[in-house]
Student: 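A single structure is presented below for examination.
Reckoned from all heavy atoms, side chains included, excluding hydrogens, waters and symmetry mates.
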Amino acid sequence: PGADGAAGVPGASDVLSAPWLRAAALVHVGLGALAAGDWARAEQCARAAAAIVDSFAHPSGDAVPADESIPFDLLGMAAIVEAHTDVADNAYRHLDAALSPLRARNRLTSAHAFALLALGDVQLLRGELAASAVNITRGGRLVTADRPGLVTHAAVALAFVRVRQGRWSDAADGIDRLARLAPADATIEHAWIRTQVLAVSGLVRMLQGDVAGGAALLAESEAGAAATPSYIASIVRLHGRIIVAIAAGDWRGLERHLDDAEEPGYRHPYRLGEWNALKLLAAWHLRHLAQFRRRLSEWSLNPTAADDPYYWAFGAILAEHQGRFADGLVAIRRALGAIDADLDPLGRAWVRIVAGTYLGRYGRDGEPDPVEALASYDEACNELREIGATAFVARCEALSNALVDDLELARRTEPASVLSPQQLRIATAVAHGYTSDEIAGMEHLSKRTIDYHVANIMRRLGITARREIARLLAVRPDPPSA
């Protein structure tokens with residue numbers, strides 16, 4: 001289908017010439033090849049269609065009516081093929097440049113829907129998750145109902161971006177909305193659509209705690225992909241397998257999945273730091289120490305390593321193994337300082353857990369520092385709790401609880417010493433009679449997060465009632481205002 005209205009649609013008032021029909025057919029076939037990850041065929045179709053489009057501008061013989069959608073479809077196809085087969089980004093930049101003025105003037109139409117989806121897909125592969133979400137959302141809104149394959153692709157791709165951003169509930173909501181759409185079994189794309197929906201539904205179900213049910217859906221998607229392959233479904237299934245392997249401590253399984261993904265026929269969606277972290281995680285737990293040291297050393301030569309929290313966290317792990325405890329502590333401080341909002345939430349939590357473990361052993365001039373360790377664990381637990389990662393929360397809390405007993409003596413003699421600086425601020429505010437809502441505004445956090453901190457504060461202080469905080473901290477609550 002072409003742009004809004006009748007232009008470019010067979011049966012419209014303008015009779016379409018054979019060259020135009022050939023171009024539209026080539027784009028249609030090329031998009032199917034693209035969705036299946038057949039990059040060579042997609043590129044072949046795109047080049048043939050582009051040759052016809054070029055003749056529109058330089059007609060020789062029959063006049064051919066122009067349709068805005070085909071040139072933009074071709075730009076999108078070229079960008080996706082380039083992203084999966086090349087290290088250059090020329091096609092990506094051309095696509096972005098073509099869409100930018102239309103976006104700025106609010107002139108985007110259904111003719112640009114696939115181009116926007118393609119831009120978002122490539123940005124996902126580049127690790128630009130916020131921009132990817134914006135463009136996939138825009139493209140999805142512009143896709144017309146007579147293109148159910150693109151409707152599904154938009155929903156699946158956006159759900160996966162939300163998973164990567166840690167917005168798991170948003171991902172689940174998106175899949176629920178997709179399920180409420182008209183049944184896809186009446187379309188010729190039914191099997192291909194089903195492969196994608198099964199993959200992302202399985203991933204979301206696993207994240208919600210139903211690992212067995214989610215794995216079954218992933219396996220069903222894998223079986224369907226034999227006849228109807230989908231590169232976006234393959235990417236989603238890879239992410240699901242990685243999460244399952246890490247949650248189960250199946251390090252050989254993780255290594256196998258990562259090795260299989262090195263040359264899968266499509267580009268995986270992980271940034272360099274994330275990919276190195278996954279490879280190092282498997283190597284460390286499998287005790288492939290030579291491989292671990294080699295990869296970490298090679299990573300150190302990349303200029304981005306200096307700002308990557310994963311790099312410093314693994315540097316601390318190696319330093320501890322080699323007995324360089326002071327160097328490890330420096331690396332832990334660098335890792336915590338490098339954490340930012342763009343890091344995958346599971347990754348942020350993992351870095352904090354590594355930091356908590358190290359600080360619990362060597363955090364205070366080479367001696368254990370359980371207070372700072374617990375602060376790091378608490379932040380990790382809160383991060384995991386916010387995204388609904390219940391299985392990982394349980395593990396994090398187990399680590400945290402193991403340190404609580406170490407604080408018993410300090411708690412008896414100086415209660416405030418067992419609290420982190422942030423917890424002390426919150427505890428003092430509670431002692432002065434502020435509500436969780438009021439403290440949330442003061443700390444620029446959600447009420448849910450404040451309640452979680454208050455529960456941890458009471459656990460560390462060994463009390464069961466909020467009002468006891470003032471007594472232990474020797475703070476007299478502020479009198480009510482007149």
Student: Quick check against the 3.5 Å criterion: does S221 have a side-chain atom that pairs as donor or acceptor with the backbone of L217?
Tutor: no
Student: From R348 CZ over to D344 CG, what is the distance, rounded to the nearest 0.5 angstrom?
Tutor: 7.5 Å
Student: Start with the C-alpha gap between R93 and N90, add the side-chain angles, then the distance that decides, and say whether side-chain hydrogen bond (donor to acceptor under 3.5 Å, both in side chains) holds.
Tutor: CA-CA 5 Å; R93 289 188 289 105; N90 295 326; 2.5 Å; yes
Student: Less than 4.5 Å apart, any side-chain heavy atom of R361 and any of P368?
Tutor: no
Student: When rounded to the nearest 0.5 angstrom, what is the spacing between CG in L238 and CD1 in I235?
Tutor: 8.0 Å
Student: Does a salt bridge link R194 with E220, judged by any charged N lying under 4.0 Å from a carboxylate O?
Tutor: yes
Student: By the definition side-chain contact (heavy atoms from CB on, under 4.5 Å), identify the one residue from L329, V371, L374 that meets it with L359.
Tutor: L329
Student: Measure up the H321 and W284 rings against each other and bin them: parallel (under 30°), tilted (30 to 60°), perpendicular (over 60°).
Tutor: perpendicular
Student: Below 6.0 angstrom between ring centroids: does that apply to Y310 and F314?
Tutor: no
Student: Is there a donor-acceptor pair under 3.5 Å between the side chain of S376 and the backbone N or O of E372?
Tutor: no
Student: Has R41 got more than 12 heavy atoms of other residues, nucleotides or ligands less than 6.0 Å from its CZ?
Tutor: no
Student: How many angstroms lie between CG in L124 and CD1 in I232, if you round to the nearest 0.5 Å?
Tutor: 6.0 Å
Student: Report the C-alpha distance between M458 and L461 in whole Å, list the side-chain angles of each, state the deciding distance to 0.1 Å, and finish with yes or no for side-chain contact (heavy atoms from CB on, under 4.5 Å).
Tutor: CA-CA 5 Å; M458 292 192 295; L461 295 176; 5.8 Å; no
Student: Before accepting this row, confirm whether a basic side-chain N of the pair E298/R295 lies closer than 4.0 Å to the acidic partner's carboxylate O.
Tutor: no
Student: Verify side-chain contact (heavy atoms from CB on, under 4.5 Å) between V163 and V200, making sure each step is shown before the conclusion.
Tutor: CA-CA 10 Å; V163 167; V200 75; 5.9 Å; no
Student: For a 4.5 angstrom cut-off between non-hydrogen side-chain atoms, does W299 reach D308?
Tutor: yes
Student: Below 4.5 Å, heavy atoms only, C-beta onward: do R164 and E274 meet side chain to side chain?
Tutor: yes
Student: For a quick test of reading the model, state the closest non-hydrogen atom pair linking A316 to G328 and the distance between them.
Tutor: CB-O, 3.5 Å
Student: Closest heavy-atom contact between A335 and A313?
Tutor: CB-N, 3.8 Å
Student: So, D173 and R177, do they make that salt bridge, N to O below 4.0 Å?
Tutor: no
Student: Once you round to the nearest 0.5 Å, how far does CG of L473 lie from CG of L419?
Tutor: 6.5 Å
Student: Without swapping roles, check the side chain of E82 against the backbone of A91 for a donor-acceptor pair under 3.5 Å.
Tutor: yes
Student: Indicate whether any N or O donor in one side chain lies under 3.5 Å from an N or O acceptor in the other, for N302 and T304.
Tutor: yes
Student: With sequence neighbours excluded, give me every ring-ring contact (aromatic ring centres under 6.0 Å, His included) pair touching residues 157-177.
Tutor: F160-H239
Student: Y92 and side-chain contact (heavy atoms from CB on, under 4.5 Å): which single residue from D86, L75, L119, I80 fits?
Tutor: L119
Student: Ignoring hydrogens, what is the shortest heavy-atom contact between L336 and A355? Give both atom names and the distance.
Tutor: CD2-CB, 3.7 Å
Student: Please step through side-chain hydrogen bond (donor to acceptor under 3.5 Å, both in side chains) for the pair H153 and D121, ending with a clear verdict.
Tutor: CA-CA 10 Å; H153 180 92; D121 278 6; 2.7 Å; yes
Student: Count the heavy atoms of every other residue, nucleotide or ligand shown that sit under 6.0 Å from CZ of R141, and state whether that count exceeds 12.
Tutor: no
Student: Does R352 make a cation-pi contact with W350 (under 6.0 Å, within 45 degrees of the axis)?
Tutor: no
Student: If you define the side chain from C-beta out and look only at heavy atoms, does anything of K279 sit under 4.5 Å from E262?
Tutor: yes
Student: For L424, is there any backbone N or O sitting under 3.5 Å from a side-chain donor or acceptor partner on T428?
Tutor: yes
Student: Do Y231 and D38 come within less than 4.5 Å of each other through their side chains, counting heavy atoms only?
Tutor: no
Student: So, do H432 and Y434 have ring centers that fall under 6.0 Å from each other?
Tutor: no
Student: With distance as the sole test, does S297 use its side chain to make a donor-acceptor pair with the main-chain N or O of R293 at under 3.5 Å?
Tutor: no
Student: Have Q165 and R162 got a donor and an acceptor in their side chains that come within less than 3.5 Å?
Tutor: yes
Student: Can any side-chain N or O of E397 pair as donor or acceptor with the backbone N or O of C381 at less than 3.5 Å?
Tutor: no
Student: Looking only at side-chain N and O atoms, does Y377 offer a donor or acceptor that is under 3.5 Å from a partner on T357?
Tutor: yes
Student: Go through the steps to decide whether M206 and I243 satisfy the test side-chain contact (heavy atoms from CB on, under 4.5 Å), and finish with yes or no.
Tutor: CA-CA 9 Å; M206 285 193 304; I243 289 177; 5.5 Å; no
Student: Distance only, no hydrogens: is a donor on one side chain within 3.5 Å (strictly under) of an acceptor on the other, for E386 and Y452?
Tutor: no
Student: W312 side chain to A306 main-chain N or O, any donor-acceptor pair under 3.5 Å?
Tutor: yes
Student: Please report the shortest heavy-atom distance between R466 and I439, naming the atom on each side.
Tutor: NH2-CD1, 4.1 Å
Student: Mind checking whether D378 and R459 have side chains closer than 4.5 Å, heavy atoms only?
Tutor: yes
Student: Between L343 and P309, which heavy-atom pair has the shortest distance, and what is it?
Tutor: CD2-CG, 3.7 Å
Student: Which heavy atom in A373 sits nearest to a heavy atom in G356, and how many Å separate them?
Tutor: CB-O, 3.1 Å
Student: Can you tell me how far apart CG (L218) and CG (L198) are? Round to the nearest 0.5 Å.
Tutor: 9.0 Å
Student: Under 3.5 Å, is there a donor-acceptor pair linking the side chains of T195 and T228?
Tutor: yes
Student: Answer with yes or no whether the side chains of N135 and Q123 bring together a donor and an acceptor at under 3.5 Å.
Tutor: yes
Student: Taking side chain as C-beta onward, heavy atoms only, is L346 less than 4.5 Å from I387?
Tutor: yes
Student: Heavy-atom distance under 4.5 Å between the side chains of R256 and R241, does that happen here?
Tutor: no
Student: Test your reading of the model: is there a side-chain donor-acceptor pair from Y358 to the backbone of F325, 3.5 Å cut-off?
Tutor: yes
Student: Would you call K447 and E438 a salt bridge, taking side-chain N to carboxylate O under 4.0 Å as the test?
Tutor: no
Student: About how many Å separate CZ of R237 and CG of L203, when rounded to the nearest 0.5 Å?
Tutor: 11.5 Å
Student: Just say parallel, tilted or perpendicular for the rings of W39 and H84, cut-offs at 30° and 60°.
Tutor: parallel
